[in-house]
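All remarks here apply to the structure that follows.
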Amino acid sequence: MNRREFLEATLALMLSSEALAANKAPASRDVPRRKLGRTGEQVSCIGLGGAHIGGQKEEAESIRIIRSALDAGINFLDNCWDYHGGQSEVRMGKALRDGYRNKAFLMTKIDGRDKKTAAAQIDESLERLQTDHLDLLQLHEVIHQDDPQRTFAAGGALEAMQEARKAGKARFLGFTGHKSPAMHLSMLEAASQHGFRFDAVQMPLNVMDAHFDSFEKRVLPVLVKEEIGVLGMKSLGGTFILESKTVSAPECLRYSLSLPVSVVITGMDSMARVEQALKVARGFKPYTEKEIQALLARTEKAAQAGAFEKYKVSTHFDGTTKHPEWMG
């Protein structure tokens with residue numbers, strides 16, 4: 001897939017303004033929606049990252065951030081069983097009271113690699129989030145060489161995830177990882193060999209990734225071809241990409257949104273970050289091929305050897321490496 005084809009695929013994911021107006025209340029019309037693979041679901045092009053919820057000094061501020069995002073039309077909520085020792089889910093659960101659950105497409109992730117551990121984490125997440133079901137349940141941090149084998153083994157995590165879906169605890173299933181495109185491809189191959197198809201896959205997509213061990217070049221075309229929902233993350237690489245002094249936060253978000261992704265999940269740890277994300281989403285126009293080439297030329301030198309992609313070349317973002325007990 002070349003960049004022109006990427007742009008065409010991005011436009012195909014975006015709903016027309018007429019369709020949006022017909023399906024959404026006025027308050028959310030200006031946040032574009034995109035198709036989530038073959039699921040039939042439509043999600044906001046920007047999603048609220050759960051890793052940045054739970055760290056606010058006051059719980060009320062976390063709740064305010066989540067509800068403000070939902071009220072503004074950001075319906076995709078990301079979370080994980082292990083974020084802030086479970087506090088991200090606890091606070092999100094409180095934010096989803098009073099009818100807010102109906103506004104959200106709710107996703108969380110589990111770390112368990114065996115059926116028993118995974119099943120327990122699913123139930124804990126549901127309790128914290130104060131809901132009887134997840135819209136999307138994902139296996140977190142596919143960053144270990146044996147993850148495909150453990151996931152699809154008899155008594156593995158996938159059995160728990162499939163049983164959760166059968167029981168109505170989860171509507172769709174996916175996986176996420178940030179370490180290596182090869183690991184994502186191995187996971188997709190294992191799924192194919194077992195006659196299983198993921199509904200969504202989450203991975204880093206940003207201006208640095210395009211140059212080094214690239215998910216964009218190696219995994220994204222596969223997902224687009226298979227019509228699997230693409231969840232982009234780490235558009236700012238945590239804060240590391242901004243430290244390169246080559247791009248601004250809005251440029252990073254716009255670049256990721258210009259790829260054929262269903263949603264770009266970004267950290268919103270303050271109201272200022274919510275407004276920043278909303279501004280980019282509401283005014284979004286895909287970068288032209290010429291603009292993309294100029295942006296990549298600007299970031300090429302800084303991107304060498306993954307200098308600003310710590311999640312690929314270090315254990316900085318590896319929760320399950322630091323806490324293998326989470327996997328069971």
Side-chain angles (χ1 to χ4, degrees), residues 47-56 59-60 62-63 65-67 70 75-98 100-144 147 150-178 187 198-202 231 233 265 267 269 317-328:
L48 184 145
H52 294 260
I53 293 296
Q56 290 73 35
E59 182 180 81
S62 302
I63 294 172
I65 289 168
I66 296 165
R67 289 188 169 184
L70 289 169
N75 74 336
F76 192 99
L77 301 183
D78 161 276
N79 219 311
C80 183
W81 173 85
D82 67 52
Y83 288 161
H84 295 277
Q87 280 303 302
S88 289
E89 289 186 332
V90 169
R91 293 185 179 192
M92 188 168 282
K94 292 180 180 180
L96 291 174
R97 294 172 179 170
D98 306 319
Y100 276 89
R101 176 67 182 90
N102 295 330
K103 294 186 175 187
F105 184 94
L106 180 62
M107 178 269 279
T108 201
K109 305 179 282 286
I110 57 167
D111 297 313
R113 295 310 196 251
D114 64 79
K115 181 178 179 180
K116 181 179 179 181
T117 304
Q121 291 174 358
I122 292 168
D123 288 340
E124 287 174 25
S125 289
L126 289 170
E127 183 176 358
R128 293 170 183 165
L129 290 164
Q130 300 187 37
T131 186
D132 62 355
H133 77 281
L134 301 162
D135 294 297
L136 174 60
L137 169 64
Q138 298 202 107
L139 187 67
H140 190 216
E141 287 193 354
V142 173
I143 61 174
H144 309 281
D147 278 337
R150 294 186 67 183
T151 300
F152 288 94
L158 189 68
E159 289 187 7
M161 295 172 73
Q162 289 180 304
E163 288 187 8
R165 180 168 61 182
K166 186 176 181 180
K169 296 178 181 180
R171 299 172 61 212
F172 306 110
L173 305 178
F175 75 90
T176 176
H178 56 252
M187 193 70 164
F198 287 104
D199 298 303
V201 172
Q202 187 169 335
L231 314 182
M233 66 173 172
I265 300 165
D269 55 6
F317 289 87
D318 298 2
T320 52
T321 298
K322 299 169 186 174
H323 296 278
E325 70 275 11
W326 292 350
M327 297 189 291

Any idea which heavy atoms bring [X] and [Y] closest together, and the distance?
X	Y	value
W81	R128	O-NH1, 2.7 Å
D98	R67	OD2-NH2, 2.9 Å
V142	D147	CA-OD2, 3.3 Å
H144	T320	NE2-OG1, 2.9 Å
A104	L96	CB-CD2, 4.0 Å
A119	A160	N-CB, 3.8 Å

Open item on the list: Does any part of the side chain of M161, heavy atoms only, come nearer than 4.5 Å to the side chain of F175, both counted from C-beta?
Closed with: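 F175 vs M161: side chains apart.
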
Task: M92 and L77, any side-chain heavy atoms less than 4.5 Å apart - done: yes

Task: Lys/Arg N to Asp/Glu carboxylate O, K109 vs D78, below 4.0 Å - done: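 Looking at D78 together with K109, the answer is yes, because their closest N to O distance falls below 4.0 Å.
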
Open item on the list: Show, in sequence, the C-alpha distance, side-chain angles and deciding distance for L137 and R165, and conclude whether the side chain to side chain contact (heavy atoms under 4.5 Å, CB included) test is met.
Closed with: CA-CA 9 Å; L137 169 64; R165 180 168 61 182; over 6 Å; no

Open item on the list: How long is the straight-line distance from CE of M107 back to CG of L134, given to the nearest 0.5 Å?
Closed with: 10.0 Å

Task: Point-to-point distance, once rounded to the nearest 0.5 Å, from CE of M327 to OG1 of T117 - done: 10.0 Å

TODO: Might you work through the side chain to side chain contact (heavy atoms under 4.5 Å, CB included) test for K169 and D123, ending with a clear yes or no?
DONE: CA-CA 9 Å; K169 296 178 181 180; D123 288 340; 2.9 Å; yes

TODO: Please work out which of the three classes, parallel, tilted or perpendicular, describes the rings of F105 and F76, given edges at 30° and 60°.
DONE: parallel

- [ ] Just say parallel, tilted or perpendicular for the rings of F152 and F198, cut-offs at 30° and 60°.
- [x]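 It falls in the perpendicular class, over 60°.
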
TODO: Might you work through the side chain to side chain contact (heavy atoms under 4.5 Å, CB included) test for H84 and R91, ending with a clear yes or no?
DONE: CA-CA 10 Å; H84 295 277; R91 293 185 179 192; over 6 Å; no

Task: Residue K166 excluded, over 12 heavy atoms near NZ under 6.0 Å - done: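 No, not enclosed.
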
